[in-house]
Undergrad: 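Before I ask anything, let me first share the structure, which is written out below as structure tokens.
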Number of protein chains: 2
Amino acid sequence: MTAGDGISSRRTTIYDLARIVGTSPTAVSSVLNGSWKKRRISQKLADRVLSAAEENGYALNIQASVLRREKSNIVGMIIPKYDNRFFGAIAERFEEAARAEGLFPVITCTQRDPDLEVEAARGLLSYQVDCLVACGATNPDHIAELCAANGVATINLDLPGGRAPSIISDSYSGALDLTNVILDACERDLGSRAPLVFIGGRLDDHNTKERRRGFLDAHAARGIEVPEGNVLMPGYAPEKARAVLERMPAQARGIFVNSTITLEGVVQWMQSLPPAEAAAMRYGSFDYDPFGALLPQNVGMVEQDVPSLIAALVARMSDLPNAPIDVTKVPCILRLPQITPPHGAPSHSNRGMPNDHMRS
Amino acid sequence: MTAGDGISSRRTTIYDLARIVGTSPTAVSSVLNGSWKKRRISQKLADRVLSAAEENGYALNIQASVLRREKSNIVGMIIPKYDNRFFGAIAERFEEAARAEGLFPVITCTQRDPDLEVEAARGLLSYQVDCLVACGATNPDHIAELCAANGVATINLDLPGGRAPSIISDSYSGALDLTNVILDACERDLGSRAPLVFIGGRLDDHNTKERRRGFLDAHAARGIEVPEGNVLMPGYAPEKARAVLERMPAQARGIFVNSTITLEGVVQWMQSLPPAEAAAMRYGSFDYDPFGALLPQNVGMVEQDVPSLIAALVARMSDLPNAPIDVTKVPCILRLPQITPPHGAPSHSNRGMPNDHMRS
DNA sequence: CAATTATGCTCTATCGGTTGAGCATCGCAA
DNA sequence: TTGCGATGCTCAACCGATAGAGCATAATTG
């Protein structure tokens, strides 16, 4: 393309191209959006239009295009944070999947702020999104209502709602597995059969509720009773976790951590213990983090299967708006610590070792 | 608002509201966009319009609005990945800052793929962005040309370019500091004055070039010569790092890691060493990761100052399009390992301990 | 009381692309 | 030579919001 002179006052439009090529704006439009075959434009004219567009660095004005069309092909997502691997992966995969479907993804981050969530949703509605994905929303039903009022379909991701189809991880089974792994490690490494401590989240949060249920059931299956004081749910923040851990039951040896964010606080707390005391502890955490997985007393992480979550999401999106209001549960992946192989030997593989499912 | 019946065929427009309230679309529009005072609409009518909008769940059609206006108030950003703390924080803070300025941010992730970068930039141009931020772009000048051809201003973030203002971290000074920290630790803990190993990145990458320069200068200032084989730049991927580390110079005790992504590979490799051998190593890394910071032999991380980077970015954005094509360097923050306090004592604070600059 | 100003609103064109309808021209068969 | 479909393109309306111009009516001034 010719390098813009930097002060090219106006952007190139189909009217400019029409004048340059010597044809009508309609012909230009149909060539550029691919409907020219149907509209019986000659190959010759199409070629001329395309090369003129190239030469002039033409970029479609989506605003005008969407304004006229019935579907925008824009799909929106609200997401709480970008600061952990789970949500980061969700955002990346969602963008990838949307593009593969010929859709344009717009993601916006709501900082776990309920007001910002609604504001962000309204913002995306302004973009005429065909569909809005509410990921980890504190009040998915409110979002769903707002969208319904505008005739826009919604899907809930990560946290379920009652007014739209939901795609979530099977937190219960994941928690059951993780609890068993930690209990096994405590018995094997430390000879302890004491109940674990559950830390992080809030009881009004669906995932926390399910994970707590799995945690308790795993104990029950072994006939281990869990005192109420062993379940600590002060939210997700690391500082909160550190604070409540100061009052942790003395005999506890194993910790079930509800999220990697909370895990930060747990690890900080553990590093403040005398080394011998810290060495006599084991923990496992929900959500996967590559560095978190490498920390000394970590005996397992439950990774949410992001590619499958997104695949389920895309499948539901194609059914919209007639999709049933149901909940799809996607199994989690249990990641066990990599067995450190003898030096120089090929790295020994076990289920879910740290290199699976990583960067594509 | 009245709960949508789910089949509300069309979205509410200003024409609907005008009919409901019994006034003109112009009046409705001016009330909703705030220009009603200037247009001498009465408070009474404004109130009626606002409550009708509320009741009908009205959401502005940005497409139509932007189409008519001269400025879109949309700012775009392309970013390579969401999978580490640095880019995650950049995305979050950028959204926050843009909203605070009354702008609408649209971020799109390019997977470090040069073609996708251009495609994504073109996509954002379609949205009539007023300004496009190219963050960590492999070819910022290409993006800048594309934008110039459309009369859109660009700013480079993280990696500099020659055709637009650039905001980057002061990699050289950060690398100098980090190298000194690692050298000190090797001497103090291991009694070693051997040159460090530099790992990660590519020499055609500006940040890598600057960090390598700081790395070499820190050695030179101590009169330590660095053999060429100590500088390993096989890209950023963890597997690449692991592969080249197999051929690491035998006498090396300290490693300068160019990014947290590369650090993943370094730590995996180190865990494959016999424990005694691993214990006799120290490393430090560019970019901060809360879990990475807590790993045993980590003696320091250099955190890029995201809030300051974004502040500088916003400052430049307000100068556009007349901003000079210059490079703004923002100092990095050196994060040293937290001194583990005696059990029960209040946590001892040193420069850049893990809780500074974290979640707001 | 006429002239002026202020108040409160409406009309109309417009942004750029899309879509259905329409209009020439050409080739070919009857 | 007329008729008819196929080919290749253009016209005009429209999507929803906005901005400038305009036009009543009410309030104020000389």
Side-chain angles (χ1 to χ4, degrees), chain A residues 9-49 52-53 56-74 104 125-130 150-151, chain B residues 9-49 53 56 58-74 104 125-130 150-151:
Chain A
S9 47
R10 278 259 143 262
R11 332 173 60 132
T12 314
T13 72
I14 54 168
Y15 297 91
D16 300 324
L17 295 181
R19 201 166 7 81
I20 291 166
V21 174
T23 184
S24 70
T26 303
V28 173
S29 171
S30 64
V31 168
L32 294 173
N33 69 24
S35 68
W36 60 281
K37 204 84 206 222
K38 203 180 65 182
R39 286 185 143 269
R40 295 184 314 218
I41 302 294
S42 65
Q43 181 75 53
K44 210 177 100 192
L45 179 57
D47 290 343
R48 281 193 295 144
V49 167
N56 294 76
Y58 172 80
L60 173 72
N61 183 328
I62 292 251
Q63 323 290 6
S65 174
V66 165
L67 181 57
R68 188 56 173 76
R69 288 181 326 210
E70 69 308 346
K71 290 194 66 185
S72 70
N73 292 334
I74 303 173
F104 199 102
L125 286 178
S126 295
Y127 278 82
Q128 312 301 106
V129 291
D130 287 335
N150 285 272
Chain B
S9 48
R10 281 257 141 266
R11 332 171 62 129
T12 315
T13 72
I14 55 168
Y15 297 90
D16 299 325
L17 296 181
R19 201 164 8 79
I20 291 166
V21 174
T23 183
S24 70
T26 303
V28 173
S29 171
S30 64
V31 168
L32 294 174
N33 69 24
S35 68
W36 59 281
K37 204 85 206 220
K38 203 180 64 183
R39 284 184 146 270
R40 297 183 312 219
I41 302 295
S42 65
Q43 182 76 54
K44 211 178 99 190
L45 179 56
D47 290 344
R48 281 193 296 144
V49 167
N56 293 76
Y58 172 81
L60 172 72
N61 183 327
I62 292 250
Q63 322 291 5
S65 176
V66 165
L67 181 58
R68 188 56 174 75
R69 288 181 327 209
E70 68 308 345
K71 289 194 66 187
S72 70
N73 292 334
I74 303 173
F104 199 102
L125 286 177
S126 295
Y127 278 82
Q128 313 302 106
V129 291
D130 287 335
N150 285 271

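This is a predicted model, so every value here is computed, not measured. Computed from heavy atoms alone, side chains included, the values below leave out hydrogens, waters and symmetry copies. Chain letters run A, B, ... following the sequence lines, proteins first and then strands; every chain starts at 1.
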Undergrad: Can you find a donor-acceptor N/O pair under 3.5 angstrom joining the side chain of Arg69(B) to the base of dT18(D)?
TA: no

Undergrad: Using the side-chain heavy atoms of Thr26(A), tell me which of these nucleotides is nearest: dC15(C), dG17(C), dC11(D).
TA: dC11(D)

Undergrad: To the nearest angstrom, how far is Asn73(B) atom CG from dT18(D) atom P?
TA: 11 Å

Undergrad: Does some side-chain heavy atom of Ile74(B) sit less than 4.5 Å from a side-chain heavy atom of Tyr127(A)?
TA: yes

Undergrad: Can you tell which of Val129(B), Asp130(B), Ile62(B) makes a side chain to side chain contact (heavy atoms under 4.5 Å, CB included) with Asn73(B)?
TA: Asp130(B)

Undergrad: Go through dC15(D), dT10(C), dT10(D) for me and flag the one nearest to the Leu67(A) side chain.
TA: dC15(D)

Undergrad: How many whole angstroms separate atom CD of Gln63(A) from atom C1' of dT18(D)?
TA: 14 Å

Undergrad: Does the side chain of Leu45(B) reach to within under 4.5 Å of the side chain of Val21(B), using non-hydrogen atoms?
TA: yes

Undergrad: Taking the nucleotide of DNA chain C with the nearest heavy atom to each, does Lys38(A) or Ile62(A) sit closer to the 5' end?
TA: Ile62(A)

Undergrad: Does the side chain of Thr23(A) get closer than 4.0 angstrom to OP1 or OP2 of dT10(D) through an N or O atom?
TA: yes

Undergrad: Between dT10(C), dA17(D), dT19(C), which nucleotide has the shortest distance from any of its atoms to the side chain of Glu70(A)?
TA: dT19(C)

Undergrad: What is the separation between atom CG on Leu125(A) and atom C1' on dA17(D), rounded to the nearest whole Å?
TA: 17 Å

Undergrad: Compare the minimum distances between each of dG16(C), dT18(D), dT10(C) and the side chain of Tyr15(B), then state the nucleotide with the smallest one.
TA: dT18(D)

Undergrad: Please state whether the phosphate of dC15(D), meaning OP1 or OP2, lies under 4.0 angstrom from any side-chain nitrogen or oxygen of Thr13(B).
TA: no

Undergrad: Establish whether the base of dT7(D) is bridged to the side chain of Arg39(A) by a donor-acceptor pair shorter than 3.5 Å.
TA: no

Undergrad: From dG16(D), dG22(D), dT19(C), pick the nucleotide closest to the side chain of Ala64(B)?
TA: dG16(D)

Undergrad: Salt bridge check, Asp16(A) against Arg19(A): does any charged N sit closer than 4.0 Å to a carboxylate O?
TA: yes

Undergrad: Using a 4.0 Å cut-off on heavy atoms, which residues in residues 29-37 of chain A reach DNA chain C? List them by number, or say none.
TA: Ser29(A), Asn33(A)

Undergrad: Any side-chain N or O of Ser65(B) less than 4.0 Å from the OP1 or OP2 oxygen of dT18(D)?
TA: yes

Undergrad: Distance check: side-chain N/O of Tyr58(B) vs OP1/OP2 of dA17(D), anything under 4.0 Å?
TA: yes

Undergrad: I need the Asn61(B) CG to Leu67(A) CG distance, nearest 0.5 Å.
TA: 6.0 Å

Undergrad: Is there side-chain contact between Leu32(B) and Leu17(B), with heavy atoms separated by less than 4.5 Å?
TA: yes

Undergrad: Atom CD1 of Ile20(A) and atom OH of Tyr15(A): how far apart are they, to the nearest 0.5 Å?
TA: 15.0 Å

